[in-house]
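Below: the structure, in structure tokens.
Atoms within a ligand are numbered from 1 in the order they appear, just like the ligands themselves.
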Amino acid sequence: MEQASPIIQVKNLVKRYGNFEAVKGISFEVHAGEIFGLLGPNGAGKSTTLEIIETLREKTEGKIMVDGMDLDNYPNEIKKIIGVQLQTSGYYPGLNLTQLIDLFAGLYNRKVDPGTLLDSVNLRDKAKALYKQLSGGQKQRFSIATTLINQPKIIFLDEPTTGLDPQARRNLWDLVLDIRSKGTTVIITTHYMDEAEFLCDRVAIIDSGKIIALNTPNGLIDQLVSTGFEREREVKKANLEDVFIHMTGKHLREA
Ligand code: ADP
Ligand code: MG
């Protein structure tokens with residue numbers, strides 16, 4: 001990963017909402033082909049940062065390059081190569097999943113086979129279902145499918161697993177790995193540290209609008225351990241999540 005070229009460069013990004021500085025001059029790069037995590041407490045500035053890169057929000061200061069294009073000069077070209085989760089309010093309630101994909105493909109001016117796309121997120125049997133009829137995990141998978149319609153180089157996932165049951169969460173991890181294996185760069189936010197440790201090549205930790213750490217998950221753990229930190233010894237060989245998965249199995253429920 002060290003030699004990979006940056007597909008996103010953020011330099012001294014500042015975002016002020018009135019007098020309040022939500023993002024305080026952050027800089028980072030995302031490498032092509034990596035899964036990059038933005039971690040941080042609620043209100044840290046993760047969504048603001050993502051939405052600015054996605055061209056959905058105005059920045060106050062700073063410079064952003066996406067795939068070699070300056071966001072100030074090429075917002076429309078950048079939109080064509082990124083995949084963004086659309087607001088669910090855009091999911092017209094009367095349309096089924098196939099019809100929604102056709103609609104979004106039309107907006108992107110792309111020809112997409114809805115069946116193939118639904119297959120890629122394991123939803124082909126829901127082709128005729130309405131969005132509101134889907135389980136939480138299915139909704140998230142559909143939302144991720146909509147980010148793939150324009151065959152983007154980069155997709156942005158803002159808390160895609162929040163509120164999902166353990167099986168659906170793991171199923172989504174597989175989907176994210178699958179998308180990355182096809183060469184797509186993934187930027188993801190999550191509050192689940194096990195998820196970030198499992199999925200992300202590198203993570204930035206943001207707190208109150210500042211990046212306070214940026215490294216591989218292992219690098220960050222090694223840094224902490226090198227300070228003498230030791231977790232209280234785990235006396236049990238399993239945890240409650242192990243019990244849950246052991247008892248309910250790994251297969252996905254979507255009743
Ligand atoms: P995160 O995604 O890390 O939880 P956000 O980027 O959503 O954080 O928000 C960062 C900070 O900016 C928060 O304090 C939030 O209240 C504030 N904020 C976000 N959007 C707006 C807005 N449109 N107007 C004013 N303040 C906002
Ligand atoms: Mg957020």
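Ranking the protein heavy atoms by distance from atom 5 (P) of ligand 1 puts T48 OG1, 3.6 Å first. Remark: minimum distance from atom 11 (C) of ligand 1 to any protein heavy atom is reached at G43 O, 3.6 Å. Counting protein heavy atoms only, atom 18 (N) of ligand 1 is closest to Y17 CE1, 3.3 Å. In terms of protein heavy-atom proximity, atom 15 (C) of ligand 1 is closest to F20 CE2, 4.7 Å. Considering only non-hydrogen protein atoms, atom 7 (O) of ligand 1 sits nearest to S47 CB, 3.8 Å. Protein heavy atom in closest approach to atom 8 (O) of ligand 1: G45 N, 3.2 Å.
Within the 2.8 Å limit, S47 places at least one N, O or S atom next to the Mg ion (ligand 2).
The distance criterion of under 3.5 Å between nitrogen or oxygen atoms is not met by T49 with respect to ligand 1.
Under a 4.0 Å criterion applied to the non-hydrogen atoms of A44, ligand 1 contributes the atoms 1 (P), 3 (O), 8 (O). In the vicinity of A22, heavy-atom distances shorter than 4.0 Å reach the ligand 1 atoms 11 (C), 12 (O). Proximity to N42 (heavy-atom distance under 4.0 Å) selects the following atoms of ligand 1: 4 (O).
Salt bridge annotation for D242-K236: absent, with no cationic side-chain nitrogen under 4.0 angstrom from a carboxylate oxygen. Salt bridge status for D174 with R170: absent, with no side-chain N to carboxylate O gap under 4.0 Å. Between E61 and K15 there is no salt bridge, since no side-chain nitrogen of the basic residue lies less than 4.0 Å from a carboxylate oxygen of the acidic one. Salt bridge present: R180 and D201 bring a charged side-chain N and a carboxylate O closer than 4.0 Å. Between K63 and D72 there is no salt bridge, since no side-chain N of the basic residue sits under 4.0 Å from a carboxylate O of the acidic one.
No hydrogens or angles considered: a donor-acceptor pair under 3.5 Å links the side chains of Q85 and S143.
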Where do Y17 and T60 land on the side-chain hydrogen bond (donor to acceptor under 3.5 Å, both in side chains) test, with the steps shown first? CA-CA 9 Å; Y17 296 108; T60 307; over 6 Å; no
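Counting protein heavy atoms under 4.0 angstrom from atom 24 (N) of ligand 1 gives one or more.
For the pair E51 and ligand 1, no heavy-atom separation below 4.0 Å is found.
Of all the heavy atoms of K15, none lies under 4.0 Å from any atom of ligand 1, so neither backbone nor side chain is involved.
Within the 4.5 Å cutoff, side-chain heavy atoms of L95 are placed close to those of L103.
Using a 30° and 60° split on the angle between ring planes, F142 and Y131 fall in the tilted class, from 30° to 60°.
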